[in-house]
Amino acid sequence: MAKPLSIRENVCLRAFNTFQFDVRARYFVSVRKVSELMAALLWAKERNLDPLILGGGSNLVLVDQVNTLVIHIAKMGKYWRDVEGDRATLILGAGENWHDAVLYAAAANYRGIENLALIPGTVGAAPVQNIGAYGVELGDTLESLLALDCETGELVELTNPDCRFSYRDSLFKHRPDRYIILEVSLRLCRSKPFSLGYGELRNYFAQPEGALTPLTVAQGVMAIRRRKLPDPPQLPNAGSFFKNPEVSMPTWQRLRSEFPGIVGYPGTHKVKLAAAWMIDQCGWKGFRNERVGVHNRQALVLVNHARGTGRDILALADQIRSAVWARFGVALDIEPRVYPQGREGRE
Ligand code: EPU
């Protein structure tokens with residue numbers, strides 16, 4: 001007989017969101033298997049509750065008490081499939097820690113995700129915002145993923161194009177309640193060139209590429225990140241709080257003539273602006289009040305100094321957005337998911 005679900009009541013979520021906001025879930029369950037997930041969803045449906053699905057909580061702003069069932073995805077597992085010549089597919093359970101998965105692939109000498117070392121969160125959350133760093137995005141190696149389609153109740157395999165990845169964006173951001181990601185398959189390779197074009201990485205690795213391994217590249221990325229990004233357990237945060245906004249070529253020309261130092265990365269039709277630079281120019285870097293603030297080494301990262309709340313962080317984000325808008329005429333979009341929805345304060 002299947003084990004009954006162990007649903008707990010009034011559970012503190014501090015350890016389940018990297019901002020460490022002290023909010024409570026009315027009900028909470030951790031699921032390790034698809035059958036447990038199905039049972040939890042049924043339990044919620046019978047009580048007319050819309051569950052909140054949670055991975056590592058590293059890209060989440062909890063604004064209020066969570067008056068529903070939190071389903072924590074803890075489906076584990078790491079194994080290799082389709083090993084052919086230099087290539088292999090790494091299958092990862094959604095509950096696995098992302099950084100551990102990067103080190104696991106790198107230790108087996110497979111390349112493709114080493115630039116994504118030290119990104120907080122779980123494997124299942126990684127496709128949602130198409131995590132990216134130092135010139136690499138998850139969408140570059142993700143082959144397919146297994147998800148529960150909550151509309152049909154069926155397990156589905158979504159291919160890379162199905163996921164509609166783009167910069168910090170995917171199908172899952174637009175349909176947050178439709179799919180629950182259970183397993184991710186990455187196609188990795190032992191011989192492809194490393195992506196070391198990103199300025200800081202290039203400078204870090206002065207040695208020729210021949211001497212590098214996926215593990216040494218991952219270690220370099222870790223050293224660079226540790227220099228300027230706060231470690232959530234020590235200084236609670238959710239990584240970049242704003243996306244780098246994309247503007248049209250004419251807007252870019254206008255901004256460049258008005259602000260010669262502005263940092264932008266031109267693409268084919270649009271230019272991605274460094275939001276951190278604009279926030280920094282507005283004087284917000286290192287700002288803090290008694291509870292929350294802006295990190296003093298990376299202006300894109302908002303931090304919870306002491307007993308801050310989701311509302312404190314959103315209020316600070318609003319002030320920053322207004323300042324950037326007033327000075328540059330550029331709107332910043334916030335990156336993490338806000339729960340409950342509709343508290344983002346977008347214009
Ligand atoms: N800059 C400033 N002030 C700052 C920080 C940066 O002027 O406080 C300038 C830098 O000098 C640089 C530019 O802004 O010219 C860009 O900065 P950086 O290279 O640090 O990258 P970013 O655009 O701020 C993005 C990602 C990071 C990722 C890095 C490296 C987004 C929203 N953020 O930051 O991702 O680690 O590139 O690839 O795209 C995350 O998503 O949580 C995250 C940390």
Side-chain angles (χ1 to χ4, degrees), residues 14 17-23 56-64 118-121 125 129 131-134 167-168 198-200 221-247 255 258-259 261-265 272-339 343-347:
R14 205 160 182 267
N17 75 103
T18 59
F19 266 124
Q20 296 184 22
F21 294 138
D22 199 359
V23 300
S58 61
N59 201 38
L60 179 68
V61 181
L62 293 170
V63 183
D64 272 328
L118 224 53
I119 294 184
Q129 55 156 327
I131 55 170
Y134 310 105
Y167 168 64
R168 292 294 193 277
Y198 192 90
E200 279 178 293
V221 167
M222 288 159 68
I224 292 168
R225 287 184 75 96
R226 284 188 173 125
R227 281 206 292 247
K228 54 187 217 181
L229 292 169
D231 185 21
Q234 277 153 32
L235 184 53
N237 73 87
S240 298
F241 200 84
F242 301 98
K243 288 204 240 183
N244 284 333
E246 290 182 308
V247 296
L255 287 166
E258 222 175 311
F259 307 98
I262 196 162
V263 182
Y265 312 98
K272 200 191 283 172
L273 302 177
W277 185 87
M278 295 190 286
I279 297 169
D280 204 346
Q281 294 295 305
C282 292
W284 283 98
K285 188 169 173 175
F287 166 88
R288 62 171 292 175
N289 60 33
E290 62 280 14
R291 295 194 294 272
V292 296
V294 181
H295 189 49
N296 56 11
R297 271 173 282 143
Q298 168 47 293
L300 263 191
V301 179
L302 303 192
V303 295
N304 179 9
H305 283 295
R307 290 186 299 282
T309 64
R311 284 173 207 282
D312 293 330
I313 285 285
L314 291 184
L316 174 58
D318 266 353
Q319 286 180 280
I320 293 171
R321 293 176 77 243
S322 302
V324 168
W325 175 256
R327 175 113 182 240
F328 298 98
V330 174
L332 294 184
D333 268 346
I334 74 170
E335 222 282 304
R337 175 174 183 196
V338 176
Y339 186 90
R343 307 286 169 98
E344 294 91 335
R346 289 199 182 144
E347 283 164 0

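Residue pairs meeting the salt bridge (Lys or Arg N to Asp or Glu O under 4.0 Å) criterion with at least one partner in residues 273-294, sequence neighbours excluded, are Asp280-Lys285, Arg291-Asp312.
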Enumerate, atom names and distances included, each donor-acceptor pair closer than 3.5 Å involving a side-chain atom of residues 297-308, sequence neighbours excluded.
unit_1 : atom_1 : unit_2 : atom_2 : d
Arg297 : NH1    : Arg227 : O      : 2.5
Gln298 : OE1    : Leu300 : N      : 3.0
Asn304 : OD1    : Gly308 : N      : 2.8
Asn304 : ND2    : Phe19  : O      : 2.7

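Within the 4.5 Å cutoff, the side chain of Val247 has heavy atoms near those of the Leu273 side chain. Residues Arg321 and Val324 are not in side-chain contact: their nearest non-hydrogen atoms beyond the backbone lie 4.5 Å or more apart. Counting heavy atoms from C-beta on, the side chains of His295 and Phe241 never come closer than 4.5 Å.
Atom-to-atom distance recorded for Phe328:CZ and Ile279:CD1 is 10.0 Å, nearest 0.5 angstrom. Here Asn244 contributes atom CG and Asp333 contributes atom CG; the two are 11.5 Å apart, rounded to the nearest 0.5 Å. Going from atom CG of Leu316 over to atom CZ of Phe287 covers 6.0 Å, rounded to the nearest 0.5 Å. Residue Leu62 holds its CG atom at 11.5 Å from CZ of Arg311, rounded to the nearest 0.5 Å. The CE atom of Met278 lies 10.0 Å from the CZ atom of Phe259; values are rounded to the nearest 0.5 Å. Rounded to the nearest 0.5 Å, atoms OG1 (Thr309) and CG (Asp22) are 10.5 Å apart.
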**Q.** Test side-chain contact (heavy atoms from CB on, under 4.5 Å) applied to Glu335 and Asn59, step by step
**A.** CA-CA 8 Å; Glu335 222 282 304; Asn59 201 38; 3.1 Å; yes
Just do the side-chain contact (heavy atoms from CB on, under 4.5 Å) check on Phe242 and Ile320 with the steps written out, would you? CA-CA 10 Å; Phe242 301 98; Ile320 293 171; 4.0 Å; yes
- Query: After noting the C-alpha distance and the side-chain angles of Val61 and Phe21, does the key distance pass the side-chain contact (heavy atoms from CB on, under 4.5 Å) rule?
  - Reply: CA-CA 8 Å; Val61 181; Phe21 294 138; 4.0 Å; yes
Item to complete: Could you give me the CA-CA distance, side-chain angles and deciding distance for Leu314 and Ile334, then say whether side-chain contact (heavy atoms from CB on, under 4.5 Å) is met?
Response: CA-CA 9 Å; Leu314 291 184; Ile334 74 170; 4.1 Å; yes
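In terms of heavy atoms, Asp231 sits closest to Asn237 at C-ND2, 4.2 Å. In this structure, Pro120 and Ser58 approach most closely via the heavy-atom pair O-OG, 3.4 Å. Across all their heavy atoms, Lys272 and Tyr167 have their closest contact at NZ-CD1, 3.2 Å. Minimum heavy-atom separation, Leu332 to Ala275: CD2-CB, 3.9 Å. Listed here is the closest heavy atom pair of Ala331 and Trp325: N-CE3, 3.6 Å.
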